[in-house]
Amino acid sequence: MTSIVSPTQATPTPLTPPPLLAQTGLSAVLGRGRFIGPAALLGPAFVAAIAYVDPGNFSTNISAGSQFGYRLVWVVVIANLMAMPVQFLSAKVGIVTGQSLPEVCHGRYRRSVLWGLWLQAELVAMATDLAEFVGAAIGLHLLFGVSPLPAGIITAVAAIAVLGLQRRGYRGFERAIGFLLLVVLGGFAYQLFRAGADVAAVSGLVPGFDSGDEAFLAVGILGATMMPHVVYLHSALTSRRVGCGDDTERRTLLRFERFDVGVALGIAGLINVSMLLVAAKLFHGRAGTSVSTLIEAHQGLVTILGGGAGLAFAAALLASGISSSSVGTYAGQVVMTGFIARQIPLLLRRLVTMAPALAVLALGVDSTQVLNLSQVVLSFGIPFALIPLLLVTRRRDIMGSFASPRWVTAAMVAITAVVVGLNGFLIWHQLVG
């Protein structure tokens, strides 16, 4: 078998650090105070977490709840639990090596492999943008009555403006994304409070499918939740953010990062579960309530719970679309810079990746079907991010004493197998019926 490791690229090519990141010593950060210092170390996971509650999650979770009740709660829970170790390992690569995952791969894989990884990552980025732009455009329409195509253009401008905050330092960007994440959380916490809890939701924790449609949405939920582009991004967010002088400082920083991941992705998980629970409680099996689109979901919330719930939904959808779009744009730059050592202006990248989304908005295609399909595409891209992460984190020549022990590698293999298995099951079911 031909090795994918290139003997001519044994040393990673040093790349220009993304402008979002700043070099600050760990001791200097912790010296800012008992509370301010540790708080300053938190943030990268919240940037990554916003991708876990993007408009694609709205679409797949609400579709799952309205069509199948609580049947797919187990998929949401498992997807969010699997995302936590994946994101921690990605952040760990950045902290230990001082490089993003694509940069580490750049120095060790053959050109053909690198270009293949980059091309599939760009296709994933377009699928991501499709969900984010369409979702934000729907949010603008629901809040202000803006027609779809202008709403998509406004979304692009807003996303670039949010991303532009990184020019003044990473904290401004992280705070903006964190605030928008809290807007999404607040919106669905309010809806869940108004809708009320249902003990029947516990039955949804039992794994299983009753139909191919359930499998399709399950794969979509997986893609919407694990989001392959943020596997690359998180390593970039931590790679040059805080300087560590030795392994002791790296271990200290990793403890803070573990907490960061747990809190941020815990919030994202609560939001995702809330989406499905609200949809199942209000829309599944309710006579006279047909929910097949996000607009119909909004109308249903207004009808059943009142205008406040509809406003909370629209605001959460808009916040999700704008914030996740800015994060997706930055992730695209990380992928291109790392894998193939190329850069293009952010505006050009935004124009290219948003083209399919603007076409969908202009043609008036069924937005929910497009959103769900885009998330299925994302699911098929997850293994191409997980496998390099697994291979890099287990190697002592890259990670040193921080290389993953066998049980962690085994867990990553199991997570990858679950993703591949669900994707394979969907293909088999579509072919065989």
Side-chain angles (χ1 to χ4, degrees), residues 4 44-45 47-52 54 56-57 78-94 97 99-109 113-129 131 219-239 261 265 268 324 327-340 353 374-395 398-399 404 408-409 411-424:
I4 63 174
V47 175
I50 199 66
Y52 288 70
D54 80 340
N57 294 84
I78 288 178
N80 280 273
L81 290 177
M82 291 194 304
M84 290 184 179
V86 169
Q87 285 302 316
F88 176 71
L89 286 180
S90 176
K92 185 178 180 180
V93 169
T97 68
Q99 295 181 307
S100 68
L101 178 60
E103 286 176 329
V104 174
C105 292
H106 178 84
R108 289 167 173 82
Y109 294 160
V113 174
L114 294 172
W115 278 81
L117 288 171
W118 171 68
L119 285 173
Q120 66 82 28
E122 292 293 357
L123 291 175
V124 165
M126 287 188 179
T128 302
D129 263 356
V219 173
I221 290 170
L222 192 65
T225 303
M226 297 195 70
M227 299 297 280
H229 69 287
V230 290
V231 176
Y232 304 121
L233 175 64
H234 205 162
S235 60
L237 293 172
T238 59
S239 62
V261 168
L265 268 66
S324 58
V327 169
T329 301
Y330 182 63
Q333 284 290 73
V334 167
V335 166
M336 176 176 276
T337 301
F339 281 135
I340 62 174
T353 57
S374 71
Q375 303 312 292
V376 172
V377 172
L378 290 180
S379 182
F380 282 89
I382 295 172
F384 294 99
L386 294 186
I387 292 173
L389 179 65
L390 186 158
L391 294 176
V392 165
T393 53
R394 68 188 292 269
R395 289 180 56 170
I398 298 175
M399 302 293 290
S404 297
V408 172
T409 300
M412 284 295 295
V413 170
I415 289 172
T416 305
V418 169
V419 175
V420 173
L422 277 174
N423 291 341

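From a predicted model like this one, the values you see are computed outputs, not experimental measurements.
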Verify, without hydrogens or angle tests, whether [X] (side chain) and [Y] (backbone) share a donor-acceptor contact under 3.5 angstrom.
X      : Y      : answer
Ser90  : Val231 : yes
Ser379 : Val376 : no
Ser324 : Ile50  : no

Nearest 0.5 Å, please: how far is [atom2] in [Y] from [atom1] in [X]?
X      : Y      : atom1 : atom2 : answer
Ser235 : Glu103 : OG    : CD    : 8.0 Å
Thr409 : Arg395 : OG1   : CZ    : 12.5 Å
Asn57  : Asn80  : CG    : CG    : 8.0 Å
Leu390 : Ile415 : CG    : CD1   : 9.5 Å
Met226 : Leu378 : CE    : CG    : 12.0 Å
Gln87  : Leu389 : CD    : CG    : 9.0 Å

Which pair of heavy atoms, one from [X] and one from [Y], lies closest together, and at what distance?
X      : Y      : answer
Phe384 : Leu117 : O-CD2, 3.7 Å
Met399 : Val392 : CG-O, 3.5 Å
Val219 : Phe380 : CG1-CE1, 4.5 Å
Ala48  : His234 : CB-ND1, 4.0 Å
Ala268 : Tyr52  : CB-CB, 3.9 Å
Tyr232 : Ala385 : OH-CA, 3.5 Å

Q) Side chains of Val408 and Phe88: closer than 4.5 Å at any heavy-atom pair? A)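 Sidechains of Phe88 and Val408: no contact.
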
